[in-house]
Novice: 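Submitted below is the structure of interest, expressed as structure tokens.
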Amino acid sequence: QVQLEESGGGLVQAGGSLRLSCAVSGRPDGDATMAWFRQAPGKEREFVAATAWNGGQTLYADSVKGRFTIYREQDRYTKYLQMNSLKPEDTAVYLCATRPRRVIFGRWRDAAVYDSWGQGTQVTVSS
């Protein structure tokens, strides 16, 4: 069974940076998709970014494009979300999600296709 654990949230001033991490256990397929979503109080869950565990193609929401970057280091099963130039509207609980096998690219933004979710990590950006 695949399990996810996020870390790295916190409080930062507008214009600052944070790095989130998402570690997976249970070893999904290398080309399985992982994604970051966020949810602010009173709002629907929103797609942030997605990629495959073994790298390659990435997809970003327009609201974060150019400011957020998904990458990995040595361990292909830990993904990082580098968030720069943070804005107050980025304040939310950030969750990573995956499923054991690849999601077709056209559905990467759809939260319903992911069946494993982390517990979330709070990001608060003050103005």
Side-chain angles (χ1 to χ4, degrees):
Q1 183 170 349
V2 172
Q3 292 185 317
L4 298 166
E5 183 173 358
E6 307 101 332
S7 62
L11 172 64
V12 65
Q13 289 189 329
S17 298
L18 281 174
R19 188 180 78 161
L20 307 182
S21 66
C22 175
V24 63
S25 60
R27 292 300 180 260
D29 289 354
D31 63 352
T33 308
M34 69 82 60
W36 286 97
F37 287 79
R38 64 188 182 186
Q39 190 160 20
K43 294 189 176 181
E44 291 188 356
R45 192 163 293 185
E46 176 189 20
F47 171 79
V48 175
T51 188
W53 285 106
N54 61 6
Q57 197 170 21
T58 57
L59 177 67
Y60 296 94
D62 288 346
S63 59
V64 307
K65 199 175 297 183
R67 300 188 298 124
F68 291 12
T69 304
I70 287 182
Y71 70 98
R72 69 177 173 91
E73 294 178 345
Q74 295 280 23
D75 178 5
R76 72 167 60 180
Y77 292 109
T78 298
K79 287 290 190 184
Y80 299 94
L81 183 67
Q82 179 67 42
M83 306 186 295
N84 297 329
S85 303
L86 283 161
K87 306 174 182 180
E89 51 263 44
D90 293 319
T91 294
V93 174
Y94 283 70
L95 307 103
C96 63
T98 194
R99 61 180 292 153
R101 292 180 175 79
R102 179 179 171 272
V103 175
I104 60 171
F105 182 75
R107 297 198 66 188
W108 280 15
R109 299 174 186 268
D110 184 357
V113 306
Y114 300 97
D115 53 17
S116 297
W117 292 80
Q119 80 287 352
T121 185
Q122 176 71 45
V123 171
T124 303
V125 185
S126 62
S127 58

Novice: Short question: side chain of Lys79, backbone of Ala52 - any donor-acceptor pair under 3.5 Å?
Specialist: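 Looks like yes, one N/O pair under 3.5 Å.
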Novice: Side chains of Leu81 and Val48, heavy atoms from C-beta outward: is any pair under 4.5 Å?
Specialist: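 A side-chain contact exists here, since the closest heavy-atom pair is under 4.5 Å.
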Novice: Indicate if Val64 and Tyr80 have the same hydrophobic cluster label, given that clusters are the connected sets of ILVMFWY residues with side-chain heavy-atom separations under 4.5 angstrom.
Specialist: no
Novice: Please output the side-chain donor-acceptor pairs of residues 4-13 that fall under 3.5 Å, not counting sequence neighbours, one pair per line with the distance.
Specialist:
from	atom 1	to	atom 2	distance (Å)
Glu6	OE1	Gln119	N	3.0
Glu6	OE1	Gly120	N	2.8
Glu6	OE2	Cys96	N	2.8
Glu6	OE2	Gly120	N	3.3
Ser7	OG	Ser21	OG	2.6

Novice: Show your working on salt bridge (Lys or Arg N to Asp or Glu O under 4.0 Å) between Lys87 and Asp90 and close with a plain yes or no.
Specialist: CA-CA 5 Å; Lys87 306 174 182 180; Asp90 293 319; over 6 Å; no
Novice: Would you call Asp31 and Arg101 a salt bridge, taking side-chain N to carboxylate O under 4.0 Å as the test?
Specialist: no
Novice: How long is the span from the CZ atom in Arg67 to the CG atom in Asn84, to the nearest 0.5 Å?
Specialist: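 Here the rounded value is 9.0 Å.
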Novice: Which distance, rounded to the nearest 0.5 Å, do you find between the CD of Glu46 and the CZ of Arg38?
Specialist: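 Going from CD on Glu46 over to CZ on Arg38, the span is 4.0 Å.
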Novice: So how far is it from Leu18 CG to Gln82 CD, rounded to the nearest 0.5 Å?
Specialist: 8.5 Å
Novice: Considering residues at least two apart in sequence or located in another chain, which fulfil the side-chain hydrogen bond (donor to acceptor under 3.5 Å, both in side chains) criterion with Ser85?
Specialist: none
Novice: Report the C-alpha separation of Cys22 and Trp53 in whole Å, then their side-chain angles, then the decisive distance to 0.1 Å, and conclude whether the side-chain contact (heavy atoms from CB on, under 4.5 Å) test is met.
Specialist: CA-CA 11 Å; Cys22 175; Trp53 285 106; 4.1 Å; yes
Novice: Testing the 3.5 Å rule here: is there a donor-acceptor pair between the side chains of Glu89 and Thr91?
Specialist: no
Novice: For Arg107, give me all partners under side chain to side chain contact (heavy atoms under 4.5 Å, CB included), at least two apart in sequence or on another chain.
Specialist: Val103, Ile104, Asp110, Val113
Novice: Report yes if the side chains of Met83 and Leu20 come closer than 4.5 Å at any heavy-atom pair, otherwise no.
Specialist: yes
Novice: Which heavy-atom pair separates Gly56 from Thr51 by the least distance, and what is that distance?
Specialist: O-OG1, 4.0 Å
Novice: If every non-hydrogen atom of Val2 is compared with every non-hydrogen atom of Pro100, which pair is closest and at what distance?
Specialist: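 Smallest heavy-atom distance, with atoms named: CG2-CG, 4.3 Å.
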Novice: Would you say Tyr77 and Ser25 make side-chain contact, with heavy atoms under 4.5 Å?
Specialist: no
Novice: Kindly write out the residues that satisfy side-chain hydrogen bond (donor to acceptor under 3.5 Å, both in side chains) with Tyr71, not counting sequence neighbours, or none if the list is empty.
Specialist: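 Only Arg19 meet the side-chain hydrogen bond (donor to acceptor under 3.5 Å, both in side chains) criterion with Tyr71.
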Novice: Taking only residues two or more places apart in sequence or in another chain, which ones pass side chain to side chain contact (heavy atoms under 4.5 Å, CB included) with Phe105?
Specialist: Gln57, Leu59, Trp108
Novice: In this structure, would Val24 and Leu95 fall into the same cluster of hydrophobic residues linked by side-chain contacts under 4.5 Å?
Specialist: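 Unlinked, Val24 and Leu95 end up in two clusters.
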Novice: Keeping to residues at least two apart or across chains, list the ring pair (Phe, Tyr, Trp, His ring centres under 6.0 Å) pairs with something in residues 13-43.
Specialist: Phe37-Phe47, Phe37-Tyr114, Phe37-Trp117
Novice: Under the 3.5 angstrom rule, does the side chain of Thr98 hit a backbone N or O of Thr33 as a donor-acceptor pair?
Specialist: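 Pair found, side chain donor or acceptor close to backbone of Thr33.
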Novice: Check the pair Thr78, Arg72 against side-chain contact (heavy atoms from CB on, under 4.5 Å), reporting the backbone distance first and the verdict last.
Specialist: CA-CA 6 Å; Thr78 298; Arg72 69 177 173 91; over 6 Å; no
